[in-house]
Amino acid sequence: MAIRVQRPIFDIGVELSDLTADNPRIGGLCCFTGLVRDMNNGDAVATLTLEHYPGMTHKQLAKIEAEANERWALEASLIIHRYGTMLPEEPIVLVAAASAHRHDAFAACQFMMDYLKTDAPFWKVEDTDQGARWVDSRDSDATAKARWRDRES
Amino acid sequence: MAIRVQRPIFDIGVELSDLTADNPRIGGLCCFTGLVRDMNNGDAVATLTLEHYPGMTHKQLAKIEAEANERWALEASLIIHRYGTMLPEEPIVLVAAASAHRHDAFAACQFMMDYLKTDAPFWKVEDTDQGARWVDSRDSDATAKARWRDRES
Amino acid sequence: MKLLYFAWLRQKIGLGEETVSPPESASTPTALVDWLRTRGDGYALAFSDISAIKVAINQEFASFDDPISDGDEVAFFPPVTGG
Amino acid sequence: MKLLYFAWLRQKIGLGEETVSPPESASTPTALVDWLRTRGDGYALAFSDISAIKVAINQEFASFDDPISDGDEVAFFPPVTGG
């Protein structure tokens with residue numbers, strides 16, 4: 001289990017390779033990366049800046065990762081979330097879950113992303129050709145999280 | 001869209017980086033890797049060998065990838081499957097789906113893995129401390145595939 | 001009491017963090033916000049629609065009716081948009 | 001007609017590929033298997049339980065009742081286990 005909150009860019013290949021190294025019990029690895037898009041709601045996005053609540057961020061991400069490890073039999077898990085200013089195509093977040101079998105890896109990875117989207121204290125502001133604007137939260141994120149409440153896995 | 005069936009090992013980081021390069025419309029990338037475990041059904045596995053049906057494999061994988069691209073709005077997708085003899089910890093398969101938003105990427109990636117498990121003509125034989133043995137198919141794989149028949153996404 | 005503001009709340013109020021000594025009646029985030037609104041136009045604007053705001057007490061998500069007291073860290077922010 | 005065998009079918013039969021000229025009555029995979037079983041112990045063993053076997057005609061999954069004819073490529077194999 002590992003959580004990292006950082007400003008610098010990360011290398012997905014290196015992170016995944018470190019995560020699974022020397023663990024031959026891993027049969028499946030699922031990972032998700034969120035990337036900066038160059039358009040949002042019809043406007044061109046020049047940069048995306050993420051602000052966060054340092055005292056709370058690590059605590060919330062660790063809680064999400066711990067709950068995923070309670071729900072599923074994971075061999076390894078990882079959440080990396082960046083803050084600061086990023087350009088289109090840069091990665092913002094990396095969530096990964098490794099397990100003996102694929103179902104646990106997929107479910108845990110998606111669970112962590114869905115919870116992160118509603119529970120991790122990050123806020124996005126876009127610098128667009130219409131000026132800077134705070135990104136609105138999406139109702140679909142609350143719905144995605146709620147799905148997990150009623151099911152075991 | 002890309003399909004590769006190959007003997008050599010692949011580098012996950014390089015593959016994912018190539019897949020998303022120069023496409024700032026991608027907001028989410030989901031990938032799954034299957035790896036060789038050193039134990040199966042209680043016995044130590046020294047090597048895993050995958051046999052396949054060359055004339056049919058590429059066709060089946062392309063069909064699975066095309067159906068995923070029909071069901072979800074993908075910006076990029078990739079299936080790499082190896083054959084031949086592999087050691088524990090080596091990757092066997094890589095499936096990746098990239099989209100504007102995370103839901104499509106997750107769903108398409110899991111869909112492609114579920115279909116690959118039942119529709120791609122590969123067969124595993126394990127070299128264990130109890131001798132060589134063909135791996136049995138799992139009922140749970142058919143169930144995982146069947147789930148997709150009744151739902152849109 | 002330590003207060004933190006994030007995202008557009010921080011911008012409207014004009015600062016990200018401050019230490020305040022609210023009246024004893026400010027014993028919940030709701031009551032605290034009522035008092036904060038009297039401190040200037042930026043606060044009144046930031047807290048004009050409480051339904052658009054989340055609150056955390058001591059770095060945990062909380063309700064606007066939860067009790068707060070002098071040593072607490074109280075943070076106000078819009079719904080999160082990371083990931 | 002080109003026949004292919006994979007995994008333990010290949011091992012039991014002792015070859016992975018052959019070209020055969022079955023009787024005209026072998027117009028479905030089921031009938032073809034009946035004929036193959038008469039060709040030797042390996043075939044009889046490999047095809048002893050047809051419910052454990054899948055068939056593909058011209059590199060597409062097929063049913064044991066589907067029609068086959070001389071120019072077809074017919075493959076027999078156990079349920080797949082890749083991924």
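Naming convention: chains lettered A, B, ... in sequence-line order (proteins, then strands); numbering from 1 in each chain.
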*Out of curiosity, Arg138(A) CZ to His101(B) NE2, how far, rounded to the nearest 0.5 Å?*
5.0 Å
*Pairs of heavy atoms under 4.5 Å with chain A: top-ranked of Leu87(B), Asp11(B), Asp22(B)*: Asp22(B)
*Gln110(A) and Arg102(B), any side-chain heavy atoms less than 4.5 Å apart*: no
*Measuring heavy-atom distances to chain B, does Ala21(A) have an atom under 4.5 Å in its side chain, in its backbone, in both, or in neither?*
backbone
*Residues in residues 112-129 of chain A that sit under 4.5 Å from chain B, counting heavy atoms only*: Met113(A), Asp114(A), Lys117(A)
*Using the test side-chain hydrogen bond (donor to acceptor under 3.5 Å, both in side chains), find all partners of Glu90(B) that sit at least two apart in sequence or belong to another chain.*
Arg82(B)
*Heavy-atom distance under 4.5 Å to chain B: side chain of Ile26(A), backbone, both or neither?*
both
*Go through Cys109(B), Ser17(B), Ala144(B), Ser140(B) and name the one with the most non-hydrogen pairs under 4.5 angstrom from chain A.*
Cys109(B)
*asked:* For residues 27-54 of chain A, give me every residue with a non-hydrogen atom less than 4.5 Å from any non-hydrogen atom of chain B.
replied: Gly27(A), Gly28(A), Leu29(A), Cys30(A), Cys31(A), Phe32(A), Thr33(A), Gly34(A), Leu35(A), Val36(A), Arg37(A), Asp38(A)
_According to side-chain hydrogen bond (donor to acceptor under 3.5 Å, both in side chains), who are the partners of His81(B), at least two apart in sequence or on a separate chain?_
none
*Options Gly13(A), Pro24(A), Ala105(A), ranked by heavy-atom pairs under 4.5 Å with chain B, top entry*: Pro24(A)
